[in-house]
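What follows is a set of notes on a single structure, which appears directly below.
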Amino acid sequence: MTIAKKAVVWGLFAAGGTLTSFVYPALIVLFLLTSMGMVPANLQFDQFYAFASSWVGKLCLFVVLFLSLWHAAHRLRVVVHDFGIRQDKLVARAVYTVASLGTVLTAFYLLTI
Amino acid sequence: MSRRPYVRPISKTTWFMRNGRYKIYVLRELTSFLVAFYSFYTICALAILASGSVEKWDSFITAQQCTGWAIFHAVALLYFLFFQTFPWFKLAPKAMPVQVGDKKLPDSYIIVGHYVAWIFISVFILWLAGAL
Amino acid sequence: MSTRNLELEVMRYDPEKDEAPYFQKYTVPCPEEWVILDALNYVRDELDTTLAFRWSCHMMVCGSCGMMVNGEPSLTCKTFIRDLPDKVRIEPLENFPIERDLIVVFDDVIQKLHKVQPYIMRKDAPPEDKEFTQTPAQLMKFKQLTMCINCMCCYAACPQYGLDNNFIGPAALALAHRYNLDNRDQGKSERLDILADYDGVWECSFVGACSEVCPKHVDPAAALQQMKVDGAVEYWKQKLGMTGEKK
Ligand code: SF4
Ligand code: SF4
Ligand code: FES
């Protein structure tokens with residue numbers, strides 16, 4: 001017997017859960033303000049582009065999105081299990097593939113900015 | 001005397017309807033859809049930003065300005081706070097207990113610490129985005 | 001001192017006669033300061049001598065009187081009549097096979113308690129002429145976990161155990177954590193290989209139900225989360241060859 005690989009994704013899940021708990025409420029507020037027509041000043045193209053061009057900006061955006069994606073992926077795997085679909089290996093592969101894809105896309109877009 | 005233990009059947013798909021505790025748990029787990037949604041939404045925003053076109057960005061921003069989205073975000077915010085952020089803070093001291101000398105640090109200290117940090121971080125993000 | 005008529009709906013099952021369990025009703029005049037166990041004893045003494053259930057200490061020590069009281073896993077010697085409505089439904093602990101009436105089969109968990117190696121393991125020989133020392137601070141780290149009386153209420157509350165009983169489950173894992181946290185023990189790494197294997201801690205999704213029903217406030221859910229952290233750390237330690245003995 002050995003420690004299951006789940007240890008790795010659980011680590012990402014826990015880190016991501018902590019991060020989303022702290023960060024997502026503010027993030028959703030930004031979306032809310034935007035949808036109500038009160039677009040925050042630094043979400044205008046030039047300002048946001050400048051932020052995403054800086055290394056600090058890139059790093060922050062990447063870490064937040066990377067961990068959130070893996071948090072969501074792992075929890076979705078459990079949700080599927082809880083709703084009675086017992087295909088854990090398949091489901092795990094599916095959700096983690098999507099999370100990896102999201103991670104790669106994030107890195108790609110950030111690097112092209 | 002013959003043994004014939006009886007195994008009660010349980011539903012693999014609707015088990016959580018049996019009590020309130022399980023229902024709240026499932027509601028908590030469903031926040032993962034919100035996290036996935038907002039993550040990919042943000043990635044879309046990055047994609048448009050990366051295209052370098054100001055017009056595309058502006059139309060992306062205007063496309064979101066409708067009551068439907070506003071209601072969605074408002075509901076999502078409340079849902080997220082009550083089923084992810086607050087429960088996560090409440091459970092944090094369980095995963096990471098702190099012992100000082102031969103006494104356990106009361107859970108409430110760790111929880112309050114999380115709330116303080118959360119307010120600080122939220123204000124910082126809103127300030128950074130120019131919303132304050 | 002007031003007495004109230006309680007309508008007990010008790011699950012019955014006789015393996016020699018019944019295809020499936022059914023409910024039987026008894027009306028019991030209960031003084032408010034009684035516990036459910038007293039009401040069950042009244043039934044057996046005065047109304048129906050065939051009713052089978054386990055108990056021994058009547059004081060929350062032996063852990064044998066766990067049952068579902070109105071759907072909640074409870075020690076019946078700790079569940080007071082004054083806190084209950086007029087109708088009370090009593091069933092054997094959920095997630096376990098029923099042996100007879102309110103008695104369940106615990107074989108599976110007993111096996112799991114053995115499996116987690118709940119004893120002090122040493123890599124070196126124990127000190128010969130002196131005992132292991134332990135300071136109050138070191139004891140505090142796991143003292144709460146030693147309170148477990150193996151009533152198995154936590155297993156009855158745990159949905160993940162109910163759905164898949166390969167999962168080692170709350171009490172056994174909490175017991176293992178008790179030894180992981182003991183400063184005299186050196187077997188944590190070896191134990192984690194079992195605890196953090198596929199059917200171990202990862203099956204727990206932190207519903208927290210086990211801790212809410214535990215009559216001794218052992219808080220198995222907390223122990224499980226801490227073990228997940230340990231498991232994640234140990235995984236990388238083993239991968240990076242930092243444990244010394246394993247590849
Ligand atoms: S952890 Fe609590 S509920 Fe579980 S067996 Fe021990 S005392 Fe009973
Ligand atoms: S916290 Fe884990 S062990 Fe406890 S009831 Fe929930 S799933 Fe079961
Ligand atoms: S009879 Fe011993 S714990 Fe209830």
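Chain A is the first sequence line, chain B the second, and so forth, proteins listed ahead of strands; every chain is numbered from 1. The model shown is predicted, which means the values in this text are computed figures rather than measured ones.
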Counting heavy-atom pairs under 4.5 Å with chain A, which one of A47(B), A45(B), A92(B) comes out on top?
A47(B)
Honestly, the part of L81(B) sitting under 4.5 Å from a heavy atom of chain A is side chain
What residue in Q65(B), H114(B), Q64(B) has the most heavy-atom pairs under 4.5 Å with chain A?
Q65(B)
Closest non-hydrogen atom pair, S39(B) against L65(A):
O-CD2, 3.6 Å
Portion of I71(B) that has a non-hydrogen atom of chain A nearer than 4.5 angstrom
neither
Kindly indicate whether the side chain of T42(B), heavy atoms from C-beta on, has any atom under 4.5 Å from the side chain of V64(A).
no
Less than 4.5 Å to any heavy atom of chain B: does that hold for the side chain of F13(A), its backbone, both, or neither?
both
For the pair W57(B) (side chain) and D46(A) (backbone), establish whether a donor and an acceptor sit closer than 3.5 Å, ignoring hydrogens and angles.
no
Do you know the tightest heavy-atom contact between S21(A) and T85(B)?
O-OG1, 3.0 Å
Side chain from CB out, backbone as N, CA, C, O: work out which of these in F89(B) comes under 4.5 Å of a heavy atom of chain A, or both, or neither.
side chain
S53(B) portion near chain A, given a 4.5 angstrom heavy-atom threshold:
backbone
What residue in I48(B), V123(B), V54(B), L30(B) has the most heavy-atom pairs under 4.5 Å with chain A?
V54(B)
Pick one of side chain, backbone, both or neither for I85(A), based on which atoms fall under 4.5 Å of a heavy atom in chain B.
neither
Between T67(B), V26(B), I121(B), L77(B), the one whose heavy-atom pairs under 4.5 Å with chain A are most numerous:
L77(B)
Measure the acute angle between the ring planes of W88(B) and H71(A), then classify it against the limits of 30° and 60° as parallel, tilted or perpendicular.
perpendicular
Might you point out which heavy atoms bring A52(A) and L49(B) nearest each other, and give the distance in Å?
CB-CD2, 3.8 Å
Looking only at Y38(B), F72(B), F124(B), F120(B), most heavy-atom pairs under 4.5 Å shared with chain A are made by Y38(B)
Side chain / backbone / both / neither for F60(B) at chain A, heavy atoms under 4.5 Å
neither
Side chain, backbone, both or neither: which part of F51(A) has an atom under 4.5 Å from a heavy atom of chain B?
side chain
Is any side-chain heavy atom of V29(A) closer than 4.5 Å to one of I125(B)?
no
Let me know if A117(B) has heavy atoms under 4.5 Å from chain A in its side chain, its backbone, both or neither.
both
